[in-house]
Every structure is written in C-alpha cells, then in structure tokens.
Amino acid sequence: GASVLLLRACLALLASPIYLLSFLGMWEPFCRKVFFPFILDKICVVHDKKSKKHKQELFRNLPDFRGPSGELRLLEIGTGSGSNFQFYPPGCKVTCTDINPNFQESLSKNMKKNQHLHYERFLVAAGEDLRQVPSGSVDAVVCTLVLCSVHSVSSTLKEVLRVLRPGGAFYFLEHVAAEHSSWKYFWQQVCYPTWKLVFAGCCLTRELWKNLEEAKFSELKIQHISVALPWMPIEPHIVGYGVK
C-alpha cells in the first residue's frame, strides 16, 4: 500500500501540468475536444492490430441475430472513430452513439471506407441514457473499450437490455482489472488516478465480468484474453456476448 501511494505521488508529480490545468477547469474541455479524440485514434490503430483476430471471431455470428424482417439493426455505444465498422456484415443498419461528438473527422473517414453498411444516425448520448432509442428496437448492441469509462456500468447494461429486442445480443470487448496478486494489478493501482484524469475517466481496475454476470442475460459467453499494448497497463481483457 505504501509503495502504491509513493509511486502514485511520483506519477502525479510528472503529470503536474495536467493536474494544474484540471484544477483551473481547462483540462476537461481540451481533453474532450482535442487530446482524447487524437490519442484514442492512435491507440485504436495499435489496439485493432492486436485484437483483430478476437474481433473477427467475436462478430462472426452477428448475422445470426438478424430480426424477423431479415435486417440487422445494430447500435454501437461509444462509436468513437468507428474502428469496428470493418467487422460488421454487409447491409447492416448502424446507429452510432457517443457522449463525445468530437470524433467526426476520423468517424467520417471510416464511414467512407466501409460503405457496405447503412448508417442511420449519430446520437450524442451516454451509455447510461439512451432515451433517444426506442425499447426493443435493435437486434445487436456493440460496446468496445467503453465500459471502463461510463459513470455506471449497471445502468449502461440496463439500457442495453432495454433497447435490445428479445433474442438480440450484446457484444463487448473491454480491458479489465488484472489478478489482484499480479504485478499487472499493482501497476494498474499505481497508474489509476493519473490515468483516469488523462484518459477522460477511464478506470483501470473494473471487474466488468462481474457486472455482466449480474445483468439479466439469458445466455452469456465471456472469455478472458490478453491484448498487450506497449507501456500500457490495460493488457487483461474480456470478450464475448450476452443474449437477451
């Protein structure tokens, strides 16, 4: 515990300009508009390369969840730059949502690259509040690297279940807490406060598999995997899907 506190203080000292900007109320708007869209776009390029095979396997059965009309209506929470578009089946009708509307440049590029999809609308909305989406109106919900930063995981999952039709599926790929006895978890604890500040509320130590197990999915498949990114404490991941 003392080692964690000492190293946290050292890290905070290194990041003191950001803490100062945060104290002055200047970091959050800059982070939301400039820093986070820029850095997330760079991280996603690396993360997509490392996780490509996992995403290909994850989304392989998406067509199985087409609705009675034969169409696949998909809602993505935290679309960001749209890095998942390449994995969606042709003809899929996509509704994009994100609490941060400042990804438009990279999002537009990915939409142009993936014209096999039908893009229905973009909603500025938090995962915990999807009131603009009617209940039971989508066949699939996708959420990747988002549950780490929502204010309430349980509220987000309740909204997921609300907007899904019966028999629809929720797909996820998220970084999670490492085993508590591991050095990875030690460094997650050290980095936690500064990481959360710098990366727009991203929490390193959430045990998201527990939230998913507590949600009311009729079927739930979870796999613990490793996605190693250079110098980043987010190697442990979970991937899978739950059926309403």
Side-chain angles (χ1 to χ4, degrees), residues 44 48 51-99 103 107-108 110-148 150 152-174 208-209 211-223 237-244:
C44 280
D48 285 345
S51 64
K52 185 174 183 178
K53 65 178 182 179
H54 296 295
K55 286 189 176 183
Q56 287 174 331
E57 178 63 24
L58 172 65
F59 295 123
R60 183 174 54 84
N61 68 344
L62 254 177
D64 297 344
F65 292 97
R66 295 182 189 274
S69 66
E71 295 179 332
L72 180 65
R73 299 159 302 170
L74 185 148
L75 170 76
E76 181 163 4
I77 299 174
T79 305
S81 63
S83 62
N84 290 326
F85 292 162
Q86 60 185 304
F87 302 104
Y88 299 158
C92 179
K93 293 188 173 182
V94 181
T95 296
C96 305
T97 74
D98 206 297
I99 195 172
F103 292 95
L107 180 62
S108 295
N110 272 320
M111 290 173 75
K112 289 177 182 177
K113 287 180 183 177
N114 295 278
Q115 296 187 18
H116 64 289
L117 305 176
H118 297 297
Y119 302 100
E120 298 209 294
R121 54 179 176 161
F122 179 90
L123 304 175
V124 179
E128 302 94 330
D129 184 6
L130 300 172
R131 68 181 71 182
Q132 300 173 75
V133 183
S135 299
S137 63
V138 297
D139 305 302
V141 176
V142 172
C143 188
T144 61
L145 303 182
V146 173
L147 293 179
C148 58
V150 298
S152 171
V153 178
S154 59
S155 295
T156 300
L157 293 178
K158 285 179 183 177
E159 279 290 83
V160 167
L161 286 164
R162 181 186 66 78
V163 302
L164 276 174
R165 66 165 176 82
F170 172 57
Y171 289 80
F172 55 87
L173 189 154
E174 301 283 346
L208 295 172
W209 63 90
N211 299 98
L212 288 159
E213 289 166 354
E214 291 169 0
K216 296 179 180 179
F217 291 103
S218 61
E219 179 186 351
L220 181 62
K221 296 185 182 296
I222 300 179
Q223 182 182 2
H237 282 58
I238 56 172
V239 61
Y241 67 93
V243 179
K244 177 176 175 179

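The first residue of the sequence shown is numbered 1, and numbering continues consecutively from there.
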| For Phe172, what residues pass the ring-ring contact (aromatic ring centres under 6.0 Å, His included) criterion, not counting sequence neighbours? | Phe170

| Which residues pass the ring-ring contact (aromatic ring centres under 6.0 Å, His included) test with Phe59, sequence neighbours left out? | Tyr88, Tyr171

Rounded distance [0.5 Å steps], [atom1] in [X] versus [atom2] in [Y]:
X      : Y      : atom1 : atom2 : result
His237 : Leu208 : NE2   : CG    : 10.5 Å
Leu75  : Leu164 : CG    : CG    : 8.5 Å
Asp98  : Leu107 : CG    : CG    : 8.5 Å
Ser51  : Gln56  : OG    : CD    : 9.5 Å
Ile77  : Cys96  : CD1   : SG    : 12.0 Å
Lys93  : His118 : NZ    : NE2   : 7.0 Å

Write down the atom of [X], the atom of [Y], and the distance for their closest heavy-atom approach.
X      : Y      : result
Leu173 : Lys55  : CD1-CG, 4.1 Å
Asn61  : Phe65  : O-CD1, 3.6 Å
Asn110 : Ser81  : ND2-O, 2.6 Å
Leu220 : Leu212 : CD2-O, 3.5 Å
Thr144 : Glu76  : OG1-OE2, 4.4 Å
Gly136 : Arg165 : O-CB, 3.6 Å

Kindly say whether [Y] contributes a backbone atom to a donor-acceptor pair with the side chain of [X] at under 3.5 angstrom?
X      : Y      : answer
Lys244 : Leu161 : yes
Arg73  : Gly67  : no
Asp139 : Arg66  : no

With heavy-atom distances below 4.5 Å as the criterion, would you say the side chains of [X] and [Y] are in contact?
X      : Y      : result
Cys143 : Val160 : no
Tyr241 : Glu219 : yes
Ile99  : Val150 : no
Trp209 : Glu174 : no

| request: Give every residue pair that meets the salt bridge (charged side-chain N to carboxylate O under 4.0 Å, His left out) criterion with at least one member in residues 117-130, sequence neighbours excluded. | output: Asp129-Arg131

| Which is it for Asn84 and Val142 under the side-chain contact (heavy atoms from CB on, under 4.5 Å) test, yes or no, and what are the steps along the way? | CA-CA 9 Å; Asn84 290 326; Val142 172; 4.0 Å; yes

